[in-house]
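Note that ligands are numbered from 1 as they come in the structure, with each ligand's atoms numbered from 1 the same way. The chain is numbered in sequence order, starting from 1.
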Amino acid sequence: MTPNSRVENLLQKMTVEEKVGQLHQVYCESPVDPAGIRAGEIGSIIYSNGAYAGNDRQTAIPADETNALQKAARESRHGIPLLVARDVIHGYRTIAPIPLGQAASWSPADIEACTRVAATEAAADGINWIFAPVADVGRDPRWGRVAEGYGEDPLLSGTLIAAAVRGTQSVEGVAACVKHFAGYGAVEGGRDYNTAEITPHTLRNVYLPSFKAAVDAGVKTVMSCFNSLGGLPATANRRLLTEILKDEWGFEGPIVSDWNGIGELIEHGVAEDLRIAARLAMIAGIDVDMVSKGYRDHMPSLIAAGDISIGKLDDAVRRVLNLKDSLGLFDRQPADSSRATSVQLSSANQETVLDLARKSLVLLKNRDGLLPLGEQRKIGLFGPLIHARQTLCGTWNLDGRESDVVPLETAIRAQMKPGQELVMAELADEAIYRARSCDIAIVVLGEHHAVSGEANSVTRLELPHGQEQFLEGVKNLGIPIVTVILAGRPLAIPRVLEHSDALLWAWHPGTVGARAVAEVLFGVCNPSGKLPVSFPRSVGQVPVYYNRLRTGRPLDPLARGESRYVDERDAPLFPFGFGLSYSSFRYADLRVDPSGDGFEISCRVENQSPRSGEETVQLYVRDRVASATRPVKELKGFTRVSLTAGAAATARVMIGRDDLGFFDAAERWCVEPGMFDVWIGPHSDVGPAGAFELK
Ligand code: GLC
């Protein structure tokens, strides 16, 4: 870390208590008492009303208030500005689809644009530290926080995380915070905060790559996770926080503990009291203490007793001060409160988010081309979520307002043609009564947003009670059914699939997401979303993911009777990368050509339909023989092609030599010569196959 003269001068002048103050983060709701800030006892605040902020409504933060707090900070003895943090997970005032939905776009450019919008809107209220993006690879839909990440694949997740970091930090004076480092997505049983028992081999090859992508993209801060990893809580895990993140990866920013993570070391049973917990966390590499008060209450005496060296303390404070300096906070003008009104929820921001929402929708079934809707005269809109507003925005919506949300009815009516009629019913019996006279029924089902996100793990993956029966009731009338699902996780929906003639997965699509849904239903938008997670047939299959390691008895998911389960097939209901279009794309002529130190893999993609469309072409490889067990296949690249009716193009994906490497059981990075199988196609289960030899 190159010395920064302003920071080094400050470190020379600061007392131990003032240094500790920079590592102390308090949580607050409006209004905040500035006394502690003015006294130099608080280096950062997080606007939040508690540990489960993602599921509670939050009081808004007026820019005038953050300006007043920054003024108090400037009045402190050294005038060190304040870091003001907020969980802006998928939008601030203009709410984007949940990150898992965003991932279905496979579009780094759209995610970069949307995170820039979110950071711009948050910065207008004086927020300068955004506790996002979430880099947790999620293979278990029972875990509610699978909603917050970018899916099950390390490469897709890492590519999109890097885009989110770039977008967030492209806004002057704003730092991103990649979280939750690391392995949180592997909590046993999908139960939040539980133990994560993963080998170093899996940690390195599956759960760390997306964090490494964030660090390589220049993320300014990292948040540690709650769970223990290999028997040691992340908050006290020196191997993870210092040896890997700081030493091996060269990360120079501060690590902040997650909410009371230091205090929770007592519950983990590795610290008898908060003083010991504070010592363990500092030694492990935690720089900022989120709300436990352990650093404030015990770090001065730990320093005085020589349990923590002043050098160690200075390293943590230096990281915080360097961050504040790199954000320009020492010279930053107060946030212009009038700007918030013009910036937040602007039409341009809504359009940016709408583009991502369009690309996030996944068409899972479209029997006989039922969609897009045509001349049906009487359209039924039925289901418990047809008037949803908050649920459209999903979990971790702290600043999006219900009144801003475009509901489905409004969006659908905007697409209807003269002479078409819309009838609606939320109750099952009324829906059946009204459906009898309809030409088509749109049935909107799914999860309430409150059962998604943090502290919301489930043991069942079917639709909420009664919703399948609702659908069956309408189905019995024999009219065509388009099912639209709103959810924060993959669900096990084999019967829903059976009863639906068309099925559109909309996730929780955000403030203007209903407009995207209506545009797809009426054909204004040709769906292009591809699943970033495998969909299980039943909760009993979980965890089910495409890039499983090879075994001595390979599965043939397509073969009947070959299942390893007596009572279920092995294949997921939908594979990773799956998604239909109103167009139909044909793949052919896979080629492998040497290029640089790797290969160019290409194939011809033809749009055999009468309408233009976009397709995300995916490239998978299998390392046939290696010094460690490797996955049956791995995503190694993807590219989006846009094809007009009848047109064809060559899709190309480059693979460098290093892209074929892996960490072995001893955590050594290996790139080994040998034969590789290669597939290129519309999802992880099919496509033209080829092979190449890495010399
Ligand atoms: C929560 C979450 C974390 C969030 C933090 C502050 O418990 O785990 O994602 O940033 O606390 O709200």
Undergrad: Give the atom numbers and elements of ligand 1 that come within less than 4.0 Å of a heavy atom of Ile46.
TA: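 Near Ile46, the atoms of ligand 1 are 6 (C), 12 (O).
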Undergrad: Could you find the nearest protein heavy atom to atom 8 (O) of ligand 1 and give me its residue, atom name and distance?
TA: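 Of the protein heavy atoms, Asp258 OD2, 2.6 Å lies nearest.
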Undergrad: Considering non-hydrogen atoms of the protein only, which is the closest contact for atom 9 (O) of ligand 1, and what is the distance?
TA: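 Protein heavy atom with the smallest distance to atom 9 (O) of ligand 1: His180 NE2, 2.6 Å.
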Undergrad: At the 4.0 Å heavy-atom cut-off, does Arg145 count as touching ligand 1?
TA: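 Arg145: in contact with ligand 1 (<4.0 Å).
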Undergrad: Residues two or more places apart in sequence or in another chain: which of them pass side chain to side chain donor-acceptor pair (under 3.5 Å) with Asn67?
TA: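 Asn67 satisfies side chain to side chain donor-acceptor pair (under 3.5 Å) with no residue once adjacent residues are dropped.
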Undergrad: For atom 7 (O) of ligand 1, what's the nearest protein heavy atom and its distance?
TA: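 Minimum-distance protein heavy atom for atom 7 (O) of ligand 1 reads Glu454 OE2, 2.9 Å.
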Undergrad: Parallel, tilted or perpendicular, judged at 30° and 60°: which one describes the rings of Trp507 and Phe535?
TA: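 Correct class here is perpendicular.
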Undergrad: Looking at the rings of Phe211 and Trp249, which for Trp means the six-membered one, are their centres under 6.0 Å apart?
TA: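 That pair fails the under 6.0 Å test.
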Undergrad: Does Glu267, at its CD atom, have more than 12 non-hydrogen atoms belonging to other residues, nucleotides or ligands within less than 6.0 Å?
TA: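 Not buried by this count: 12 neighbours or fewer within 6.0 Å.
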Undergrad: Return the orientation label for the Phe226 and Tyr193 ring planes: parallel under 30°, perpendicular over 60°, tilted otherwise.
TA: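 Rings of Phe226 and Tyr193: perpendicular, over 60°.
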Undergrad: Assess whether a salt bridge exists between Asp273 and Arg275, defined as any Lys/Arg side-chain N lying under 4.0 Å from an Asp/Glu carboxylate O.
TA: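 Result for this pair is no, no salt bridge flagged.
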Undergrad: Strictly under 4.0 Å, does any heavy atom of Tyr27 approach an atom of ligand 1?
TA: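 Contact absent.
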Undergrad: Below 4.0 angstrom from a heavy atom of Phe131, which ligand 1 atoms are there? Numbered from 1 as shown, please.
TA: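 Every atom of ligand 1 under 4.0 Å from some heavy atom of Phe131: 10 (O).
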Undergrad: Mind checking whether Tyr184 has an N or O less than 3.5 Å away from an N or O of ligand 1?
TA: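 Looking only at distances, the answer is no, because the N/O contact criterion of under 3.5 Å is not met.
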Undergrad: Which residue, Asp399, Asp125, Thr94, Asn349, forms the side-chain hydrogen bond (donor to acceptor under 3.5 Å, both in side chains) with Gln344?
TA: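 The side-chain hydrogen bond (donor to acceptor under 3.5 Å, both in side chains) with Gln344 is passed solely by Asp125 among Asp399, Asp125, Thr94, Asn349.
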Undergrad: Identify, by atom number and element, the atoms of ligand 1 in contact range of Phe226, meaning under 4.0 Å from any of its heavy atoms.
TA: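 So the answer, numbered in order with elements, is 7 (O), 8 (O).
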Undergrad: Could you tell me if Lys179 sits above the aromatic ring of Trp396, with its cationic atom closer than 6.0 Å to the ring centre and no more than 45 degrees from the axis?
TA: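 Because its charged atom sits under 6.0 Å from the ring centre and within 45° of the axis, Lys179 does stack over Trp396.
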Undergrad: Please report whether ligand 1 has a polar contact with Trp396, defined as an N or O pair separated by less than 3.5 Å (distance criterion only).
TA: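 N/O-N/O distance under 3.5 Å: no.
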Undergrad: Looking at atom 12 (O) of ligand 1, what's its closest protein heavy atom, distance included?
TA: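 In this structure, atom 12 (O) of ligand 1 has Asp87 OD2, 2.5 Å as its nearest protein heavy atom.
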Undergrad: Give yes or no for whether the N/O distance cutoff of 3.5 Å, strictly under, is met between Ser48 and ligand 1.
TA: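 In fact, backbone or side chain, Ser48 has no N or O that close.
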